[in-house]
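Here's the structure we're looking at; comments come further down.
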Amino acid sequence: MNPFLVVDGAGLDKMVSYLTRVATSAQPAFGLDTETDIQENFLEQRLRTIQVGAKEEQYVIDLLAFAETPENLKGLQGFRKTSKCFEPVVNAIRPFLDSNSVLKIGHGLQFEYEMLSWNLGLYTWHLWCTLVVERVRWAGLQPFKRKGFWGMEHLVERYLKVRMSEESERLQKSFDLCTPLTDEQVLYASIDTRLPMGVYHGQKLVCTSDRLLETAQIENDYIPANGDMHINGFKLDRDAWMKLVDEQTTRHTEHVRVMDTFFLPIVGKKNMPAENLLELEQKWRALSDRGEEEMSYHVMAKQYGQTPQEKKEWRLKRDALEDKRLLLKKQAGEEYKAASKYATWFKKEGDKMEGEACIVYASPAQLVAALQKMPGLEKIEDTNDKTLSKLRSEFPVLVAVENYRSTGKAVSSFGENILEFINPITGRLHSRHDQLGAVTGRMACQKPNLMQIPVDPRYRECFVAERLRKMATLDYDGCEVRIMTEASGDPVWTEALNNNWDIHSVVAEKMRTSDWVKATLEACAFVARHAKCDCPEHKHIRSESKSINFGLAYGLTAKGLADQLNITEERAQALLNLWHASNPVLSAALTLWGDLAKATCEARDLAGRRRLFRKPSWEWCKEIVTANNKKYKDSRNYGKPASEGQIKWKMKSMMESIAREGCNHKIQGTNASATKLSMGCGFDESGKPFFWHYSRPDKEQAFLCNLVHDEAVFESPDEKITEAYEVAKDCMIRALSRYVKKVPVTVDGHVDTHWVK
DNA sequence: ATCGGCCCACCC
DNA sequence: AAACGGGTGGGCCGAT
């Protein structure tokens with residue numbers, strides 16, 4: 001190691017000359033890392049050091065030296081500004097960070113990106129994040145939540161066969177804004193620039209041989225966009241939201257009242273616990289002592305100077321009284337115990353009873369038990385959406401349950417709890433968009449999850465643009481259908497999409513030609529121009545075909561289709577057969593993708609993104625079955641060892657899962673890859689940049705707020721919104737067009753003052 | 001008290 | 001005995 005602590009202009013010069021040498025070398029790349037203080041609110045975290053370096057040299061910039069005081073170090077960072085005192089540092093390093101001339105390598109670089117952009121107004125791109133690449137490499141095999149696998153130290157051990165010191169965690173948390181750096185800290189900070197370089201070389205070899213370089217590039221290029229989105233946040237109109245929540249709360253109490261009218265006769269009123277609990281206890285305890293009369297016999301029985309005969313008499317009298325007292329005591333004890341048991345039960349359970357009836361409506365178990373006591377509903381098994389809607393027309397109580405559920409969900413998941421996430425510094429929501437939250441390459445989102453906000457416009461309208469700004473919402477039109485068509489090359493689908501025909505109607509007509517012809521009414525839009533029409537029967541047939549078109553990409557079975565369309569399994573199977581017969585090419589492709597996944601234990605999307613599957617083995621299946629047999633008390637195999645038949649069945653079902661998941665990965669993964677590509681800092685084949693180059697916050701042209709799988713939401717200044725909208729649209733089209741070439745790619749969108757869709 | 005499994009509901 | 005892909009969140013409930 002050769003760490004150099006940079007504290008002045010001369011140090012910066014030395015660093016710049018080193019970075020220049022790196023930039024002009026054969027493999028221009030260096031390790032990048034930062035240290036910050038620890039804060040609850042990430043927008044309050046401040047940079048203490050910036051490190052760059054590789055094997056031969058490492059530079060640790062101590063920003064305290066440039067800020068001069070801890071107060072400045074704290075106060076002169078943040079809000080994407082470059083304060084005067086940091087200009088020498090920023091000017092020195094910017095040409096290397098804010099360019100694609102040198103690759104920046106580090107572990108968890110989204111954090112570095114965020115800290116550098118928020119605290120210094122310094123934008124870093126052209127990255128290689130060892131964490132992101134590692135996730136790409138192991139997708140499907142290693143759970144993202146697994147401990148002991150994704151840390152820098154674990155990668156170093158895997159790739160470099162080096163164990164990092166146990167001290168590193170302590171050291172990482174040791175940085176603050178005021179204490180002079182110790183030699184130990186400087187050394188630790190510089191190691192973190194060097195080790196990722198080594199990991200990078202290993203990862204590059206693996207990615208090359210496993211053909212994962214393209215996915216790695218897409219993910220690495222997406223990091224700055226994801227970092228921006230985190231810092232930009234999403235503005236929630238607090239007042240509008242609260243108004244909506246109040247409304248839903250009122251409706252909910254009304255729904256609870258209606259529930260009571262149905263359930264009170266069944267389960268009765270909830271009774272308050274006995275108020276005389278203390279009294280009961282005292283009564284019970286008091287009976288432990290002998291009463292006056294009993295005591296006197298007792299004393300007499302023990303006195304001297306009495307004949308044995310007399311003593312026996314007193315004893316008998318005492319015993320009789322004692323027996324009587326103990327019986328009373330036992331009764332009082334039971335009464336007290338029951339009352340206190342009820343009281344504790346009620347303390348816990350009663351709170352959960354929302355209405356007057358003695359039942360917790362939010363408990364599916366209690367609800368289903370109560371429903372079973374109602375005439376006609378004896379055989380109801382669960383209370384989920386599907387079951388309720390099937391029986392709704394016959395049983396008004398089920399409508400009440402549905403209403404209760406919908407407002408209950410609204411209040412609990414989309415209520416005041418969301419407001420707690422508003423950041424005091426910006427007044428906005430800064431959710432965590434986890435770049436690789438799903439094994440297929442899709443993102444996940446937390447705190448709060450902005451990907452599950454109800455589509456109901458009343459909710460979406462609460463997400464607004466700042467004053468003097470507008471909001472754009474863009475999404476791919478029929479993304480999955482186009483990917484399926486491209487990947488399979490189905491001529492019918494290709495023709496339909498190329499002519500902008502309604503694919504679900506086209507398939508419907510192919511599947512049930514004679515029914516379709518018979519159902520044609522006057523002025524049918526399908527007959528006129530292959531568009532979605534209003535003929536009632538056409539609509540019905542189309543909806544069936546649509547269910548299958550989407551469902552098959554998920555590995556739909558007859559049973560599933562029957563449930564979804566509420567038809568018999570035979571009819572569902574017949575429909576599926578019809579579908580396969582009418583879509584031979586796509587049908588064959590779907591099976592092929594599944595078979596390929598089963599045979600190779602991996603699946604690829606159109607960008608080469610890989611999902612791995614653990615190979616089902618006899619031993620593994622046996623383990624699972626054995627564990628299940630131990631677990632499920634109601635199973636008829638409870639407690640028994642795993643039978644051969646069970647294990648075989650498990651093997652079969654696991655293989656079927658791989659087929660479904662592998663098949664779906666191709667579609668879902670391509671969707672994710674294209675969306676990330678479109679928002680990232682990469683360039684297309686002709687050198688045209690993707691959206692980050694337009695939306696980088698220092699340009700103040702567009703601010704990415706949310707990304708929901710195939711939909712992008714951003715804000716722009718009023719005068720920029722039209723341009724930004726067009727640029728984003730173009731980026732999205734170019735991105736998906738890289739993978740979808742046989743059919744056109746289209747993007748829908750809106751510009752408004754709030755989130756639309 | 002706390003945790004994990006399960007059900008249910010919301011999204012694409 | 002049991003499968004329609006990928007997620008998060010909230011509540012209940014039994015086990016620890």
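Within every chain, numbering begins at 1; the chains are lettered A, B, ... in the order of the sequence lines, protein sequences first and strands thereafter. It should be emphasised that the depicted structure is a prediction, and the values quoted were computed from it without experimental measurement.
In the set B:dC8, C:dG5, C:dA3, C:dA3 carries the atom at the smallest distance from any side-chain atom of A:Ser653. Side-chain atoms of A:Arg460 lie closest to B:dC11 of the nucleotides C:dC4, C:dG5, B:dC11. Distances from the side chain of A:Ser412 to the nucleotides C:dG5, C:dG10, B:dC12 place C:dG10 closest. The A:Lys409 side chain lies nearest to B:dA9 when the options are C:dG6, B:dA9, B:dC8. Listed nucleotides C:dG9, B:dC8, C:dG5 differ in distance to A:Lys447; the shortest reach to its side chain belongs to C:dG9. With C:dA3, B:dA9, B:dC11 as the candidates, the nucleotide lying closest to the side chain of A:Lys650 is C:dA3. The side chain of A:Tyr554 has C:dC4 as its nearest neighbour among B:dC8, C:dC13, C:dC4. Candidate nucleotides C:dT8, B:dC8, C:dA3 were compared by shortest atom distance to the side chain of A:Ala444, and C:dT8 ranks first. Distance from the side chain of A:Thr383 is smallest for B:dC8 among the nucleotides B:dC8, B:dC11, C:dG9. Picking from C:dG6, C:dG11, B:dC12 the nucleotide with the shortest atom distance to the side chain of A:Val455 gives B:dC12.
Between the CG atom of A:Asn549 and the P atom of B:dC12 there is a distance of 19 Å, rounded to whole Å. For the pair A:Glu416 CD and C:dG9 P, the interatomic distance rounds to 18 Å; values are reported in whole Å. We find that CZ of A:Arg442 is positioned 8 Å from C1' of C:dG5, with the value rounded to whole Å. Taking atom CG of residue A:Leu367 and atom C1' of nucleotide B:dC8, one finds them 11 Å apart after rounding to whole Å. C:dG7 atom P lies 18 Å from atom CG of A:Leu450, rounded to whole Å. One atom, CG of A:Asn384, and another, P of B:dA9, lie 6 Å apart when rounded to the nearest Å. Following rounding to the nearest Å, A:Asp563 (CG) and C:dG5 (P) show an atom-to-atom distance of 13 Å. Atom CD of A:Gln573 is separated from atom C1' of C:dC4 by 15 Å (rounded to the nearest Å).
For A:Gln564 against C:dC4, a side-chain-to-base donor-acceptor contact under 3.5 Å is present. The base of C:dT8 does not come close enough to the side chain of A:Gln446 for any donor and acceptor atom to sit less than 3.5 Å apart. Donor-acceptor pairing under 3.5 Å, judged by distance alone, is absent between the side chain of A:Arg405 and the base of B:dC8. Not a single donor-acceptor contact under 3.5 angstrom links the side-chain atoms of A:Gln452 to the base of B:dC11. The base of C:dG5 is paired with the side chain of A:Gln668 by a donor and an acceptor separated by under 3.5 Å.
Note on A:Cys445: only backbone sugar-phosphate atoms sit closer than 4.0 angstrom, heavy atoms only; bases stay farther off. Across all strands shown, A:Gly555 has heavy atoms under 4.0 Å from sugar-phosphate atoms exclusively, and none from any base. Residue contacts shown for A:Ser657 include a base, since a base heavy atom lies under 4.0 Å away. Here A:Asn671 lies out of heavy-atom contact (under 4.0 Å) with every strand. Within the 4.0 angstrom heavy-atom criterion, only backbone atoms of the sugar-phosphate kind lie near A:Asp382; the bases stay farther away. Contact annotation for A:Leu561: no contact, since no heavy-atom pair falls under 4.0 Å across all strands. If you check every strand for non-hydrogen atoms under 4.0 Å, A:Lys559 touches nothing.
Salt-bridge check for A:Lys598 with A:Glu661: failed, with every basic side-chain N at 4.0 Å or more from each acidic carboxylate O. Under the 4.0 Å criterion applied to side-chain N and carboxylate O atoms, A:Arg405 and A:Glu402 are not assigned as salt-bridge partners. Between A:Arg542 and A:Asp502 a salt bridge is recorded (basic side-chain N to carboxylate O distance below 4.0 Å).
Contact between the side-chain N/O atoms of A:Arg611 and the OP1/OP2 oxygens of C:dG6 is found at a separation under 4.0 Å. Taking only side-chain nitrogens and oxygens, A:Asn417 comes nearer than 4.0 Å to OP1 or OP2 of C:dG10. Regarding contacts with the backbone of C:dC13, a side-chain N or O of A:Ser363 is found under 4.0 angstrom from either OP1 or OP2.
Nearest-nucleotide mapping onto DNA chain C: of A:Ser547 and A:Val360, the residue sitting toward the 5' end is A:Ser547. Each of A:Lys386 and A:Ser413 was assigned the nucleotide of DNA chain C with the nearest heavy atom; the assignment lying further toward the 5' end belongs to A:Lys386.
Put simply, the side chain of A:Asp595 never gets that close to the backbone of A:Ala659: no donor and acceptor are under 3.5 Å apart. Side chain of A:His665 to main chain of A:Arg609: a donor-acceptor pair is present (N/O by atom type, distance under 3.5 Å, no hydrogens or angles). A side-chain donor-acceptor contact under 3.5 Å links A:His255 to the backbone of A:Asn403.
Taking the six-membered ring for Trp, A:Phe149 and A:Trp138 have ring centres closer than 6.0 Å.
Taking the ring axis of A:Phe234 as reference, the NZ or CZ atom of A:Arg428 does not stay both within 45° of it and closer than 6.0 Å to the ring centre.
The separation of C:dC4 from B:dG5, taken at their P atoms, amounts to 22 Å, rounded to a whole angstrom.
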